[in-house]
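Below is one structure, written out as structure tokens; the observations come after it.
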2 protein chains.
Amino acid sequence: MITIKDVAKLAGVSASTVSRAISGNIPVEKETRDKVMQAVEELHYEPNALAKGLKEGKTNTIGLIIPNIGNHLFPPLVKGVEETARKSGYTVILCNTENNLEIEKTYLEKMQKRLVDGFIIATAREKSTHILDMEAEGVPVVLLIRHLGNAVDAVILDNYKGAYEAVSYLLARGRKKIAIINGEQELSLYRERFNGYQEALKKAGETVVPQLVLDDAFGEENGYAVMVGLLRSGQMPDAVFATTDLRAIGAIRAIKDFGYRVPEDIAVIGFDDFEFTKLLSPRLTTVSQPLYDMGKLAVEKLITIMDNKNKVTPIIDVMEPTLVLRDST
Amino acid sequence: MITIKDVAKLAGVSASTVSRAISGNIPVEKETRDKVMQAVEELHYEPNALAKGLKEGKTNTIGLIIPNIGNHLFPPLVKGVEETARKSGYTVILCNTENNLEIEKTYLEKMQKRLVDGFIIATAREKSTHILDMEAEGVPVVLLIRHLGNAVDAVILDNYKGAYEAVSYLLARGRKKIAIINGEQELSLYRERFNGYQEALKKAGETVVPQLVLDDAFGEENGYAVMVGLLRSGQMPDAVFATTDLRAIGAIRAIKDFGYRVPEDIAVIGFDDFEFTKLLSPRLTTVSQPLYDMGKLAVEKLITIMDNKNKVTPIIDVMEPTLVLRDST
DNA sequence: ATTGTTTATGAAAACGATTGCACAAAGCAT
DNA sequence: ATGCTTTGTGCAATCGTTTTCATAAACAAT
């Protein structure tokens with residue numbers, strides 16, 4: 001491996017001078033600088049990132065913690081993070097936790113001690129004392145797609161608004177009996193989506209009918225199962241608001257299996273706007289999250305935090321969803 | 001930050017002893033070890049990864065270079081890599097190159113100097129002297145989904161076989177006029193898929209009719225465009241072999257737009273088995289790549305290479321595709 | 001000519017870990 | 001009891017940087 005000393009020797013100067021010539025922070029005579037640069041070229045010298053990091057107490061690396069890269073939500077998010085980080089001179093270490101708290105903790109602990117300058121965490125747990133601890137210790141952290149009250153900086157979506165607009169749209173188109181297929185109530189994002197649903201109905205003078213509120217576990221399969229249950233029950237809705245595209249797709253499959261048409265008999269709206277959602281037939285109307293931009297913003301916030309030594313109070317940035325109209329409504 | 005010296009002081013021993021007690025490689029008296037461990041606990045000491053890496057010349061980190069995490073091919077691959085690496089005590093740094101050679105080179109250069117112990121590269125360029133250079137310099141590298149002749153270790157798919165089996169299946173079901181929607185001929189994987197197509201036809205006594213060979217740029221849009229062109233030309237195929245699921249989906253859209261039925265009038269087979277492919281209607285018959293396993297194998301190979309100081313000749317591992325039968329044939 | 005500044009450079013001390021070497025204490029054989 | 005090995009520990013060097021401090025040279029001001 002070629003070190004700074006090799007360069008120094010070839011250029012006929014000391015290691016310190018090489019360091020100064022390269023960094024440019026401290027003035028070096030033009031002539032010596034040229035000699036150094038030439039030696040650098042000649043030897044293809046690249047400074048050892050480890051030594052540099054050790055000395056400077058900084059690695060220009062950030063850790064990105066996500067539950068599952070296989071979930072279609074995350075690739076755009078990761079892309080936004082990665083791209084923005086790269087453009088600012090940061091490298092990102094991707095950590096996939098499999099939604100396993102132990103793995104998450106291990107990752108955080110392992111990297112905290114100077115492999116990484118800060119974290120972006122996108123694992124959607126509600127209570128996370130270990131993250132609060134990190135924040136308290138002064139480790140730079142930004143949450144993504146989740147928040148821990150106002151205790152930690154975060155970039156989240158206005159879930160309430162997304163749901164409110166989706167349901168309002170259905171109501172405006174004359175739909176009355178609107179079912180909701182929702183997710184785990186422990187997650188605030190699903191509670192908020194439910195609130196949006198509820199408020200939109202209330203505003204229109206409708207009431208929430210309990211039989212049309214379907215709580216679901218996860219994914220396409222369950223969307224299907226739950227929708228089948230509803231159709232069997234005799235309660236025939238004229239629209240479905242699914243809090244996830246996957247649930248919407250499952251619901252559509254069930255509706256078709258029962259011989260009904262989408263959107264003529266039952267309109268369906270999803271949530272997330274997974275990329276492939278526009279390849280389906282009917283193309284899915286859905287609430288779109290600006291995932292790429294959210295990833296981008298999270299990095300920008302994190303960099304600000306890392307640069308600012310003196311801690312300021314956390315800010316929660318709330319991004320706006322967009323209702324994307326397609327053929328399922 | 002808590003260092004080994006803090007632990008040493010608290011335990012009343014020297015830093016060296018702490019190091020030895022922790023690593024366990026060198027015997028330490030039971031009693032002192034206990035004292036050390038207790039101090040470690042008490043202070044929540046975690047060794048500084050940078051200092052350790054600098055001293056040992058090893059970081060237990062691998063770099064994973066991919067063109068675009070947004071492409072559905074990559075999440076399963078990344079997952080396979082990440083999970084296997086983690087289980088072996090490695091951390092992975094994800095690098096998204098946007099298919100941009102400059103970004104790729106920058107990443108490789110930047111990380112080569114000891115931030116990373118080895119690389120897995122999944123960017124599908126044919127000529128890559130920079131990678132050959134790395135290999136020559138002794139940097140551990142494994143290629144994934146691509147290969148550079150026999151010069152560099154690689155994990156690839158038997159593209160020929162996948163295509164051969166897909167087309168043979170269509171032929172066995174009585175289809176005769178089989179079109180192929182293919183990708184850039186500069187990429188060997190598409191050349192191989194074409195060869196498989198060609199051979200299957202030949203074996204069945206059919207010949208390749210040039211009008212049915214469609215070369216395409218990329219994605220769903222182009223699959224659609226190219227298929228429209230074919231249907232307009234009056235050449236009516238009874239089956240389509242698309243070398244990518246996205247192309248297949250585009251083709252199906254075109255076929256439907258022309259009022260034909262899939263699979264009754266025209267059967268369609270894709271390639272890749274993107275996860276959402278089974279959510280479409282009709283559910284797509286396709287050639288599945290064992291992406292997760294390929295990522296896994298790549299890591300295993302890389303670790304072997306990194307452990308083995310003495311270089312052995314590169315091995316190209318060829319994985320088997322599987323034909324997944326669904327409703328589009 | 002003398003002193004005081006400025007400027008460019010090198011030597012050396014960090015950063016936090018590991019490890020070869022030296023040495024003391026303990027164990028064993030004679 | 002003496003010498004020889006074994007065992008456990010500390011000291012100091014090392015990894016490749018950056019940066020403080022000191023010094024020498026160049027220059028300006030008296």
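- Protein atom CD1 of A:Ile2 is 16 Å distant from nucleotide atom P of D:dC15, rounded to whole Å.
- Projected onto DNA chain D by closest heavy-atom contact, B:Val28 and B:Leu54 fall at different nucleotides, the more 5' of which corresponds to B:Val28.
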Show the distances under 3.5 angstrom between N or O atoms of the protein and N or O atoms of nucleotides 18-24 of chain D.
{"residue": "D:dT18", "atom": "OP2", "partner": "A:Ser19", "partner atom": "OG", "Å": "2.6"}
{"residue": "D:dT18", "atom": "O2", "partner": "A:Lys55", "partner atom": "NZ", "Å": "3.0"}
{"residue": "D:dT20", "atom": "O4", "partner": "A:Arg20", "partner atom": "NH1", "Å": "3.4"}

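- Note: CD (B:Glu31) to P (D:dT9) measures 9 Å, nearest angstrom.
- In the displayed structure, B:Glu31 atom CD is contacted under 6.0 Å by at most 12 heavy atoms of other residues, nucleotides or ligands.
- With sequence neighbours excluded, the residues satisfying side chain to side chain donor-acceptor pair (under 3.5 Å) with B:Arg146 are B:Thr123, B:Ser128.
- Between B:Val13 and A:Thr3, the residue anchored closer to the 5' end of DNA chain D is B:Val13, taking for each the nucleotide with the nearest heavy atom.
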Show me the donor-acceptor pairs, under 3.5 Å and distance only, between side chains in residues 17-29 of chain A and residues at least two apart or in other chains.
{"residue": "A:Thr17", "atom": "OG1", "partner": "A:Ser14", "partner atom": "OG", "Å": "3.2"}
{"residue": "A:Ser23", "atom": "OG", "partner": "A:Arg20", "partner atom": "O", "Å": "3.4"}
{"residue": "A:Ser23", "atom": "OG", "partner": "A:Asn25", "partner atom": "N", "Å": "3.2"}

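- Fit an axis to the five pairs at each end of the helix from C:dA1-D:dT30 to C:dT30-D:dA1 and the two axes sit 50° apart, to the nearest 10 degrees.
- When the side chain to side chain contact (heavy atoms under 4.5 Å, CB included) test is applied to A:Leu189, the partners found at least two apart in sequence or on another chain are A:Asn159, A:Leu187, A:Arg193.
- Considering only residues two or more places apart in sequence or on other chains, A:Glu135 meets the salt bridge (Lys or Arg N to Asp or Glu O under 4.0 Å) condition with A:Lys311.
- Partners of A:Glu320 according to the salt bridge (Lys or Arg N to Asp or Glu O under 4.0 Å) rule, which considers only residues two or more places apart in sequence or in another chain, are A:Lys161.
- A donor atom on one side chain and an acceptor atom on the other are found under 3.5 Å apart for B:Asp272 and B:Gln289.
- Residues satisfying the ring pair (Phe, Tyr, Trp, His ring centres under 6.0 Å) criterion with A:His72, sequence neighbours excluded, are A:Phe274, A:Phe276, B:His72.
- Remark: B:Asp317 engages B:Lys301 in a salt bridge (Lys or Arg N to Asp or Glu O under 4.0 Å) (not counting sequence neighbours).
- With a heavy-atom cut-off of 4.0 Å to chain A, the contacted part of DNA chain C has its first and last nucleotide at C:dA8 to C:dG16.
- Remark: B:Asp34 engages B:Lys30 in a salt bridge (Lys or Arg N to Asp or Glu O under 4.0 Å) (not counting sequence neighbours).
- In this structure, B:Lys35 places its NZ atom 11 Å from C1' of D:dT9, rounding to the nearest Å.
- In terms of the side chain to side chain donor-acceptor pair (under 3.5 Å) criterion, A:Asp6 has no residue partners (sequence neighbours excluded).
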